[in-house]
Amino acid sequence: MNVLEGLYYTTEHEWLKVEGETAYVGITDFAQHALGDVAYIELPEVGETFAAGEVFGVIESVKAASDLCMPVSGTVTERNAATEEDPSLINRDAFENHLIAITLQDAGEIDRLMDAATYRALIAEEGGA
Amino acid sequence: MSVYIPNTRTDREKMLARIGVGTLDALYRDIPAEIRLTDALNLGAPLSEAELGREIASLAEKNADAARAVCFLGAGAYDRLIPSAIKHMVSRSEFYTAYTPYQPEISQGTLQAIFEFQTMISSLTGMDAANASMYDGASACAEAVLMAVRHTKRRRVLVAETVHPETREVIRTYARFNGIEIAEIPEEGGLIDSRSLSALLSEDTAGLVVQTPNFFGLIEDLSEIEPLTHERGALLIASVADPLSLAILESPGRQGADIAVGEGQSFGMGLQFGGPYLGFMAVKAPLIRKLPGRIVGQTSDIEGKRAFVLTLQAREQHIRREKATSNICSNQGLNALIATIYLTLLGKNGLREAATHSFEKAHYLKHKLVEAGMRPLFDAPFFDEFAVELTADAREVNGRLMRNGVLGGYPLADVLPEAKYPGRARAMLLCVTEKRTKEEMDRLAVLLSEACVEAASSERRER
Amino acid sequence: MNTNYDKLIFEISSDEKQGYALPPLDVGRSSDVDAIPAHLLRSDAPVLPQVSEPEAVRHFTCLSQKNYGVDGGFYPLGSCTMKYNPKIDEDVAALPAFAGLHPYLPQNAAQGALQLMYELDQMLSEITGMAKFSLQPAAGAHGELTGLMIFKAYHAGRGDEKRKKIIVPDSSHGTNPASAAEAGFEVVQIASAADGTVDLDALAAALDDTTAGLMLTNPNTLGLFETNILRISEMVHGAGGLLYYDGANMNAIMGAARPGDMGFDVIHLNMHKTFATPHGGGGPGAGPIGVARKLVGFLPRPTVRKDPDGYRLDAGDGQSIGRVKGFYGNFGVLVRAYCYIKTMGAEGLREASRVAVLNANYLKESLKGQYKLPYDRVCMHEFVFDGLAGGDPQVRTLDVAKRLIDLGYHPPTTYFPLIVPNALMIEPTETESLATLDDFVGAMTRIADEASGDPAVLSAAPHNTPVRRVDELKAARTPVLKWQAKE
């Protein structure tokens, strides 16, 4: 299972990539594997604001569904509509295809997320690696 | 031994030996002794078919007159013509002894029929998609209210007073336990009062429920209500208590409704003392993934052949558990099949004809009763039900009609407020379907006049 | 028989045809329709077919032949109790004196129907040890929702507004948490113990003064009787909560034990499971709920009561949660259940449960070498395998299920309960003969052998069905939910 260095991770299997004030949010390769072929993705509107941990969307396969949770608080600046139109992008490369971009509200929240090594240990425990 | 259980005593001995226990009782050893039943249940001895037949005959006899009576009662359950072929098709055990179509390879019959049903309901209601059915019209409407609340994230729903009283009651029950506030919009002249509606609509309104034709049989003008509702960002929920009306009346979808729900009993189902009937629900495209319950979609099999399958299942309870769009699991599958066969046999021309006949006959009766001195309660256009004020107590009159083999209309005394309708005890909602004949209506007119006179004179005597 | 028939009804439609003739209109056409504003009249023709009666009959007959029903073969679908549906029950429900009754008849003209409902309530109360039943809920999940509304109303009635949580085991049916949410509760899921039953420590940890109740299936979805049920009942009630019985598995214990005696406060029964009414390809069912004495007043209105002068609909005294459905329930289904109980009697119902349990244990013992049995103990009316014990590791539970179709069986319930990853949940019911069970053992054995010797035949199964494995992903990604005429 692929885990990229330099990203931050949540226990709910989202990743966060920080570029200055902006951050990108997606789901991990592990999550993509667990779900199976993604059938449907529902993303929030640009301008919506969510607190850390809040549900901002939904991702579904044929036999499973999962809420998408915000790794940190922020306001949506971009929704990656390509993933909504072709959800298989997530199966092809979960790290290449982010779901939303946000402006960070509190950069301090990032410290609460996992780094790649910690996340790798977590998914090994969940039986994924 | 029950005739429904094939295993013999000898079989059971062999099976116990394979399991390695001496007695059947040993298989119940996990049940604590304190709660193990020692006495037989008090249910009586098993009955043979012949004995059951005798007991049933005595029960049936007590309903027989009512079942034979010529029916002018509607109010949400309609006595319509039912093509004979329907019962032969739904009596095929491949349909009625099958489970929910979880295994598509051996359920294409049920799945395709539901797909056809969804097509018919979507088109009749003018919506983009329909689900595979709901329990009944009232609970479908309550589910639509929950859906509007979830979709808009608002917690207040307006319900027209002209919606069927039982539907309103079911909505209130569902709403109460979800902290949803329900406000009723008063009627004016038997129709939703659009001035009150404007006043009650606000930025926290999740949706508005309107029934058309409404409980009094009157045709509500959704196109007038729609802009008011949508201006406030609320959803318009149209409840169709008798979808036969859709053959001649404009569809809720074309009038701007977001959700159409209703009761499909008119489509080939008998009266059955209130059930099983058929709830249906159809929505505009943005709400498809918010639909409760089962939905069938078209796809293909590994050889590229067209196939049907339960789809969008990630909405449902068996996958999403407490986050599901609804808890509904079993629905009214066989009733959806009945409706599909009914709509197939009648077709678009036959359905229009049945609706037109109902309309014309109901209007014939209304004119007849007006000529006989009875007063229509409302002036607005109606489909095939109308309210009249008699010259005597409606329940009293119904008793007399029943003795003459006629089932009279729905007494409106408990539905209308007394202050506004001082004559409400004399008000009755009559229904005329395509099944009624001119002769039956002429006889009703005579019986009603006589019954009114008799009832009035006995009332005078009592005074 | 033509299982290759592949037309939709709309594709055989022709505008000149008609499948049903109405009698001629015997009143003159009025001008009343002109009084309706034009914008309220239908502006487009609905998409409905025009076919003759024989074409319609052939269409639906061909469709039926692509279905598998319990009249045609063994249907060991766990938790669904696919037992035989007696034919006399169909005949009785179709009698005009029941099928032709308007729900708003004056009550004295419908005494037979009301009496039947009253007696069914009494019989169900006797079978389950509850005080009174409401026959209104239309299905099991509807019964759950209604029961949980009663929980809420009961706590609210005592002024105890903080009980917002419903506890469910992780082995529960999906409807349990979904119903709890729909009744406005929060759901707390607790993990099962290693032996598959409720973990008493986990329960104790979850219980507090915010607990409204616990929902339990007993026997549970693994087919195991909750041996600690009396302790569980004590704990839940001790914490001020109520106990809900999901009656999906009632077919195991009729005449052997009663939920009322176990301490359950509200229960639902599935007429379309335990009481032999047909599933109808997904309904109609009926999900009556029974309650303990202290909750009778909360039942949905109306119930049926017996007065000296006859049977009456009773709207209650204002404590009722209200209606959950129009009219009085799926009456036609209730008639069938009434007939079933009458023809079985006390003795027959007890025998049905005992034989259902015997059949399940027989299959379990006959197959447990070839299939993994995660909970190896006496089961009730059903049991769960965790996939194959051996064979090619690529062979999945799904393949076993699909191969059973080739061999003439409806597959068991798969991938449920969720705590058994490769679950095959098998419920034979009392309907099956020893010969059928032995044949099924043969088929399951053959599949286990194929899993080692010829796994490809499994992954490609089924082979001879009207359609082969279908593309569910395509259906979900690009939903086509209705037929549309080609442009």
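FYI, side chains are in, hydrogens and waters are out, and symmetry mates aren't considered; it's all heavy atoms of this structure. Every chain is numbered from 1, with letters handed out A, B, ... down the list of sequences.
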With a 4.5 angstrom heavy-atom cut-off, is it the side chain or the backbone of [X] that approaches chain C, or both, or neither?
{"X": "B:Q313", "answer": "side chain"}
{"X": "B:A314", "answer": "neither"}
{"X": "B:I302", "answer": "both"}
{"X": "B:S91", "answer": "neither"}
{"X": "B:V309", "answer": "side chain"}
{"X": "B:I319", "answer": "neither"}
{"X": "B:T167", "answer": "neither"}
{"X": "B:E316", "answer": "neither"}
{"X": "B:R29", "answer": "side chain"}
{"X": "B:H88", "answer": "neither"}
{"X": "B:Y364", "answer": "side chain"}
{"X": "B:R321", "answer": "both"}
{"X": "B:A45", "answer": "backbone"}
{"X": "B:M402", "answer": "side chain"}

State, with a plain yes or no, whether a side-chain heavy atom of [X] is found less than 4.5 Å away from one of [Y].
{"X": "B:I106", "Y": "C:P462", "result": "no"}
{"X": "C:R354", "Y": "B:Y28", "result": "yes"}
{"X": "C:H279", "Y": "B:T100", "result": "no"}
{"X": "B:M89", "Y": "C:V57", "result": "yes"}
{"X": "B:I35", "Y": "C:R258", "result": "no"}
{"X": "B:S251", "Y": "C:R42", "result": "yes"}
{"X": "C:Y68", "Y": "B:E105", "result": "no"}
{"X": "B:L41", "Y": "C:R350", "result": "no"}

With chain B as the partner, which of [options] has the greatest number of non-hydrogen pairs under 4.5 Å?
{"options": "C:E90, C:E347, C:M262", "result": "C:E90"}
{"options": "C:P300, C:S366, C:P106", "result": "C:S366"}
{"options": "C:Q18, C:M82, C:K83, C:E53", "result": "C:M82"}
{"options": "C:T61, C:L116, C:V92, C:L95", "result": "C:T61"}
{"options": "C:A256, C:A141, C:P96, C:G348", "result": "C:A256"}
{"options": "C:S64, C:A109, C:P46", "result": "C:S64"}

Does the side chain of [X] come under 3.5 Å of the side chain of [Y] through a donor N or O and an acceptor N or O?
{"X": "C:N67", "Y": "B:T110", "answer": "yes"}
{"X": "B:Q112", "Y": "C:K66", "answer": "no"}
{"X": "B:E250", "Y": "C:S43", "answer": "yes"}
{"X": "B:E116", "Y": "C:H59", "answer": "yes"}
{"X": "B:D221", "Y": "C:H39", "answer": "yes"}
{"X": "C:N330", "Y": "B:Q332", "answer": "yes"}

Please name the pair of heavy atoms, one in [X] and one in [Y], separated by the smallest distance, quoted to 0.1 Å.
{"X": "C:M380", "Y": "B:L27", "value": "CE-O, 3.2 Å"}
{"X": "B:S123", "Y": "C:V47", "value": "OG-N, 2.6 Å"}
{"X": "B:S2", "Y": "C:E351", "value": "N-OE1, 3.3 Å"}

The residue among B:T344, B:L345, B:L346 that forms side-chain contact (heavy atoms from CB on, under 4.5 Å) with C:P49 is B:T344
OG of B:S330 to NE2 of C:H272, rounded to nearest 0.5 Å, is 4.0 Å
_Point-to-point distance, once rounded to the nearest 0.5 Å, from CG of C:L481 to OG1 of B:T119_ =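 Here the interatomic distance stands at 9.0 Å.
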Donor-acceptor contact present, side-chain C:E126 to main-chain B:N42, <3.5 Å
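Checking the backbone N and O of B:N42 against the side chain of C:E126, a donor-acceptor pair under 3.5 Å is found.
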Run the side-chain contact (heavy atoms from CB on, under 4.5 Å) test on B:D136 and C:F327 for me, step by step, so that the C-alpha distance in whole Å, both residues' side-chain angles and the decisive distance to 0.1 Å come before the verdict. CA-CA 10 Å; B:D136 72 346; C:F327 311 116; 5.6 Å; no
Subject >> Short N-O contact, B:R254 and C:D44, less than 4.0 angstrom >> reply: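 Answer for the salt bridge query: yes.
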Under 4.0 Å between a side-chain nitrogen and a carboxylate oxygen: does that hold for B:E303 and C:R468?
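Yes, this pair counts.
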task = Flag the pair B:H318 / C:F416 as yes when their ring centroid distance falls below 6.0 Å, and as no otherwise.
result = no
With ring centroids as reference points, do C:Y328 and B:F273 lie under 6.0 angstrom apart? yes
message: For a side-chain hydrogen bond (donor to acceptor under 3.5 Å, both in side chains) check, start with the C-alpha distance between B:E360 and C:S30, then their side-chain angles and the critical distance, and finish with the verdict.
response: CA-CA 7 Å; B:E360 292 295 353; C:S30 64; 2.7 Å; yes
Most heavy-atom pairs under 4.5 angstrom with chain C, which of [options]?
{"options": "B:I288, B:L16, B:L24", "answer": "B:L24"}
{"options": "B:A60, B:S300, B:A307", "answer": "B:S300"}
{"options": "B:K348, B:H367, B:R320", "answer": "B:K348"}
{"options": "B:E55, B:E322, B:E34, B:K62", "answer": "B:E322"}
{"options": "B:Q298, B:K438, B:E169", "answer": "B:E169"}
{"options": "B:D11, B:T311, B:I19, B:N178", "answer": "B:I19"}

- Query: Where on C:N359 is there a heavy atom nearer than 4.5 Å to chain B: the side chain, the backbone, both, or neither?
  - Reply: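 It is both, since atoms from each part get that close.
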Honestly, the part of C:L349 sitting under 4.5 Å from a heavy atom of chain B is side chain
